[in-house]
There are 2 protein chains.
Amino acid sequence: MGTTQLETVPEPKYWHLKTVLSEALDSEFAVGEILPNERDLAARFGVARATLRQALEQLELEGRLQRRRGVGTTVAPPRVGVAVAARHTWPGAAGDDWQPVDSAQSDTVPAAVARLLETAPGELMHIVRRTRVTEGQPLAAELVYIPAAAVPGCAEAELLTGPARAYAVLRELQSLELTGQDRTVELGSARAEDARQLDRLPGAPVLVVTTRYVSGGRTTAVAVSTYRADTCRLTFGESDAVALLAG
Amino acid sequence: MGTTQLETVPEPKYWHLKTVLSEALDSEFAVGEILPNERDLAARFGVARATLRQALEQLELEGRLQRRRGVGTTVAPPRVGVAVAARHTWPGAAGDDWQPVDSAQSDTVPAAVARLLETAPGELMHIVRRTRVTEGQPLAAELVYIPAAAVPGCAEAELLTGPARAYAVLRELQSLELTGQDRTVELGSARAEDARQLDRLPGAPVLVVTTRYVSGGRTTAVAVSTYRADTCRLTFGESDAVALLAG
DNA sequence: CAGTGGTCTAGACCACCGG
DNA sequence: CGGTGGTCTAGACCACTGT
């Protein structure tokens, strides 16, 4: 054959672009600094804006950049380590970093949650909403699902509103004995409501942590926490390892 | 108080499209079934192919779809639950699900790894490569970094190749006492090499699990495992909770 | 208001897979 | 080979942010 194919696999432009930009971020930009706008950057690299955006999207996914409509693209600080370990404590126990927002009742929950709770369709549930914030930045949003039958003592909580109502429901939960819990972590995209709470656009990538709380041999509560994937690094520490390093 | 929340916000087309498709997947398609191709789908919904693709990307990110170049788009099975808990065991201990691939020596490691290991630049390290597979599908790729100084007994492993060499290094590690470990989970995008191993394109979203192994008050090994984010749900179970449900 | 990132279009070509 | 998804272009308009 005349024109022999060179060994090189043609690297996509956006991939190469991402590499170049990544190195530039390391060497030429400080955290918080704003980059040139997308149209200028695209022109500078001789590509269409869509291609440039594909590279920026990757970098944002990796937590290197932060883009905000109407403002610009800035260099992101390193990801925040967020502890998710807190072994064997109910949501709302002393020392957890969540802030109750409100609580509501509903008889319809996501199918995945219903499956974990082994509830019948239409069973009444408390849904407690909480947020997790660090230095003014929202990190995560959470919904805690609790079958109303499991916490009969908080029926009068219905008279309360806002955080007070959320506290009342969680307090009732803490009177039960917690015998076990487990967690799953998976990738998801932010629902519209979560996105608003996390100061992101709908569909933004999030880490979804699902915690199942077991009491008396039965799943008594399920918490679905959605963390901003761009800014968070979940840490599952063990206190003994940490203690060793500190000592 | 009621914010009357008058009408607002035109929903982006791709977002609405994603919702419609998602419902169609639930009701009209079976797992493994192939969807119409992107050009037909776009025409059917009256949008440009790029817009349709934006919706498909979201659904793939959520693990609902699987797209393969030259083949088509298929309905993905539910995500696989992958146990990451295995408390306090060295990599390669009996019963773990990883398959050693090979091992090599290097004096340069990623900056993030060097920081965890507190190694000096240029210090010689073993790098063990492993994979995790379920039912023929690759789930994860892993690199285990071990300072050569920590495992002096496996100097002659250099004569071996492939899995045998990886086994030799890990066996040496297991002779040490493991006093602690901790983990972090974050979102990343697959490097070219990982992508090949995971049967995905470079840049595919992955869950990066970084495990730090502590022995004698010092970090003796760091494992960086990259899981396919589209197909994996990481589970951090506690045996007691599981036992309760089983019993 | 001007400027930013976000959405969308209607094309084109390429890399890959199966028959 | 034909058909698939992956990449890329050169535009356009929209939604949001700051001043």
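Two residues are said to be in side-chain contact when any heavy atoms from C-beta on lie closer than 4.5 Å; Leu65(A) and Leu35(A) meet this criterion.
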Can you give each donor-acceptor pair under 3.5 Å made by side-chain atoms of residues 104-112 of chain B, sequence neighbours left out, with the distance rounded to 0.1 Å?
residue   : atom : partner   : partner atom : Å
Ser106(B) : OG   : Thr108(B) : N            : 3.0
Ser106(B) : OG   : Thr108(B) : O            : 2.9

Using atom types as modelled, flag every donor-acceptor pair under 3.5 Å from a side chain in residues 197-208 of chain B to any protein atom, sequence neighbours excluded.
residue   : atom : partner   : partner atom : Å
Arg200(B) : NH1  : Glu60(B)  : OE2          : 3.3
Arg200(B) : NH1  : Asp230(B) : OD2          : 3.1
Arg200(B) : NH2  : Arg67(B)  : O            : 3.3

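Between Tyr14(B) and dC8(C) there is no side-chain N or O to OP1 or OP2 distance below 4.0 Å. Side-chain nitrogen and oxygen atoms of Asn37(B) include at least one within less than 4.0 Å of the OP1 or OP2 phosphate oxygen of dT4(D).
At least one donor-acceptor pair closer than 3.5 Å links the side chain of Arg183(B) to the backbone N or O of Val84(B).
Between the CZ atom of Arg200(A) and the P atom of dG5(C) there is a distance of 13 Å, rounded to whole Å. If you measure from atom CD1 of Ile34(B) to atom C1' of dC17(C), you get 13 Å, rounded to the nearest angstrom. Look at CZ on Arg196(B): it is 13 Å from P on dC16(C), rounded to the nearest Å. Distance CG (Leu201(B)) to C1' (dG5(D)): 9 Å, rounded to an integer number of Å. For the pair Glu38(B) CD and dT7(D) C1', the interatomic distance rounds to 12 Å; values are reported in whole Å. One atom, CZ of Arg39(B), and another, P of dA12(C), lie 12 Å apart when rounded to the nearest Å. Rounded to whole angstrom, the span from the CG atom of Leu17(B) across to the P atom of dC8(C) amounts to 9 Å. Residue Asp199(B) contributes atom CG, which lies 13 Å from atom P of dC16(C) at whole-angstrom precision.
Contacts of residues 47-69 of chain A with DNA chain C (heavy atom under 4.0 Å): Arg49(A), Arg53(A), Arg67(A), Arg68(A), Arg69(A).
Comparing dG5(C), dG5(D), dG18(D) against the side chain of Thr73(A) picks out dG5(C) as the nearest.
Between atom CG of residue Leu61(B) and atom CG of residue Leu61(A) there is a gap of 7.5 Å, rounded to the nearest 0.5 Å.
Nearest-nucleotide positions on DNA chain D for Pro202(B) and Gly72(B) put Gly72(B) closer to the 5' end.
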Should Glu142(B) and Arg132(B) be marked as a salt bridge (charged side-chain N to carboxylate O under 4.0 Å, His left out) after you check the CA-CA gap, both sets of side-chain angles, and the distance that decides it? CA-CA 8 Å; Glu142(B) 184 182 70; Arg132(B) 192 166 176 174; over 6 Å; no

For Arg64(B) and Asp26(B): C-alpha separation, side-chain torsions, deciding distance, then whether salt bridge (charged side-chain N to carboxylate O under 4.0 Å, His left out) applies. CA-CA 10 Å; Arg64(B) 308 285 312 272; Asp26(B) 287 332; 2.9 Å; yes

